[in-house]
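Report on one structure; see the data block that follows.
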Amino acid sequence: EVQLQAFGGGLVQAGGSLRLSCAASGFTFDGYAIGWFRQAPGKEREGVSCISSSVGRTYYADSVKGRFTISSDNRKNTVYLQMNSLKPEDTADYYCAAAPFSPRGSSWYVAGMYDYWGQGTEVTVSS
């Protein structure tokens with residue numbers, strides 16, 4: 001059974017950092033895209049970042065480029081999202097998701113492309 005567990009959220013002041021983790025079980029990362037999405041109250045879920053081992057690429061939303069870094073530890077079957085220089089507008093529930101596909105263009109950003117989702121972890125950035 002494929003399972004994803006996201007954790008690492010919390011309350012941080014603007015300018016601070018957090019590292020989110022997504023622990024996966026029931027599959028290996030080979031051939032999978034692992035994405036991070038977020039959803040703020042009253043807003044739609046949006047793609048934040050994605051890592052694809054099959055194409056050896058990482059992807060970022062424009063709003064987080066230069067501040068967030070996605071990485072993976074295949075031995076631990078865990079994907080990380082290092083978030084630096086956090087802003088109040090980064091406040092949201094963050095979700096990790098997985099799918100057996102190789103992203104093309106902006107397909108990584110589409111939530112419907114992902115088959116498996118973890119529970120959210122809440123990130124609150126105070127001003």
Side-chain angles (χ1 to χ4, degrees):
E1 180 185 5
V2 173
Q3 289 188 336
L4 299 169
Q5 184 177 9
F7 55 94
L11 172 64
V12 65
Q13 289 188 330
S17 299
L18 282 174
R19 187 177 80 158
L20 305 184
S21 300
C22 175
S25 61
F27 71 104
T28 59
F29 288 164
D30 187 34
Y32 274 74
I34 311 296
W36 282 99
F37 289 76
R38 66 186 181 187
Q39 187 166 17
K43 295 188 176 181
E44 293 186 356
R45 190 169 296 191
E46 63 174 357
V48 175
S49 183
C50 173
I51 187 166
S52 170
S53 61
S54 59
V55 298
R57 286 196 59 182
T58 57
Y59 308 83
Y60 297 94
D62 288 343
S63 59
V64 306
K65 278 181 182 176
R67 300 188 298 123
F68 291 10
T69 303
I70 192 169
S71 62
S72 67
D73 184 335
N74 290 356
R75 292 174 301 173
K76 296 182 178 179
N77 237 30
T78 300
V79 170
Y80 304 99
L81 185 69
Q82 178 67 43
M83 306 187 296
N84 298 330
S85 302
L86 283 161
K87 304 175 181 180
E89 51 264 43
D90 294 318
T91 294
D93 289 329
Y94 283 71
Y95 302 84
C96 60
F101 80 110
S102 299
R104 294 288 184 269
S106 61
S107 63
W108 72 270
Y109 194 82
V110 179
M113 296 294 291
Y114 294 83
D115 301 316
Y116 308 104
W117 291 82
Q119 87 294 351
T121 184
E122 185 175 1
V123 173
T124 303
V125 184
S126 63
S127 57

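Because only heavy atoms are used, hydrogens play no part in the values below, and waters and symmetry mates are left out as well, while side chains stay in.
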Kindly compute the distance separating [atom1] ([X]) from [atom2] ([Y]), expressed to the nearest 0.5 Å.
| X | Y | atom1 | atom2 | result |
| --- | --- | --- | --- | --- |
| Leu20 | Phe68 | CG | CZ | 8.0 Å |
| Asn84 | Thr69 | CG | OG1 | 6.5 Å |
| Glu1 | Ser25 | CD | OG | 7.5 Å |
| Tyr116 | Gln3 | OH | CD | 11.5 Å |
| Ile51 | Arg57 | CD1 | CZ | 12.0 Å |

I'd like to know if the side chain of Gln119 and the backbone of Ala6 have a donor-acceptor N/O pair within less than 3.5 Å. yes
Under 4.0 Å between a side-chain nitrogen and a carboxylate oxygen: does that hold for Lys87 and Asp90?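 Here Lys87 does not pair with Asp90 in a salt bridge, since their nearest N and O are not under 4.0 Å apart.
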Find out if a path of hydrophobic residues (ILVMFWY) with successive side-chain heavy-atom gaps under 4.5 Å connects Trp117 to Met113.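 In one cluster: yes.
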Ignoring hydrogens, what is the shortest heavy-atom contact between [X] and [Y]? Give both atom names and the distance.
| X | Y | answer |
| --- | --- | --- |
| Gly118 | Tyr95 | O-CD2, 3.5 Å |
| Ser126 | Leu11 | CB-CD1, 4.4 Å |
| Trp108 | Phe101 | CA-CZ, 4.3 Å |
| Tyr60 | Ile70 | OH-N, 2.9 Å |
| Val2 | Gly26 | CG2-O, 4.0 Å |
| Leu4 | Ala98 | CD1-N, 3.7 Å |

Between Arg67 and Met83, is there a side-chain heavy-atom distance shorter than 4.5 Å?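 They are not in contact (no side-chain heavy atoms under 4.5 Å apart), so the answer is no.
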Check whether any side-chain heavy atom of Phe29 lies under 4.5 Å from a side-chain heavy atom of Asn77, and answer yes or no. yes
Worked verdict on Tyr114 versus Phe37 for side chain to side chain contact (heavy atoms under 4.5 Å, CB included): CA-CA 11 Å; Tyr114 294 83; Phe37 289 76; 3.4 Å; yes
Please work out which of the three classes, parallel, tilted or perpendicular, describes the rings of Phe27 and Tyr32, given edges at 30° and 60°. tilted
Criterion side chain to side chain contact (heavy atoms under 4.5 Å, CB included) against Arg38, the qualifying member of Thr91, Val123, Val64: Val64
Assess the residue pair Leu81 and Ser49 against the criterion (side chain to side chain contact (heavy atoms under 4.5 Å, CB included)); give the C-alpha distance rounded to whole Å, side-chain angles, the decisive distance to 0.1 Å, and a yes or no. CA-CA 8 Å; Leu81 185 69; Ser49 183; 4.0 Å; yes
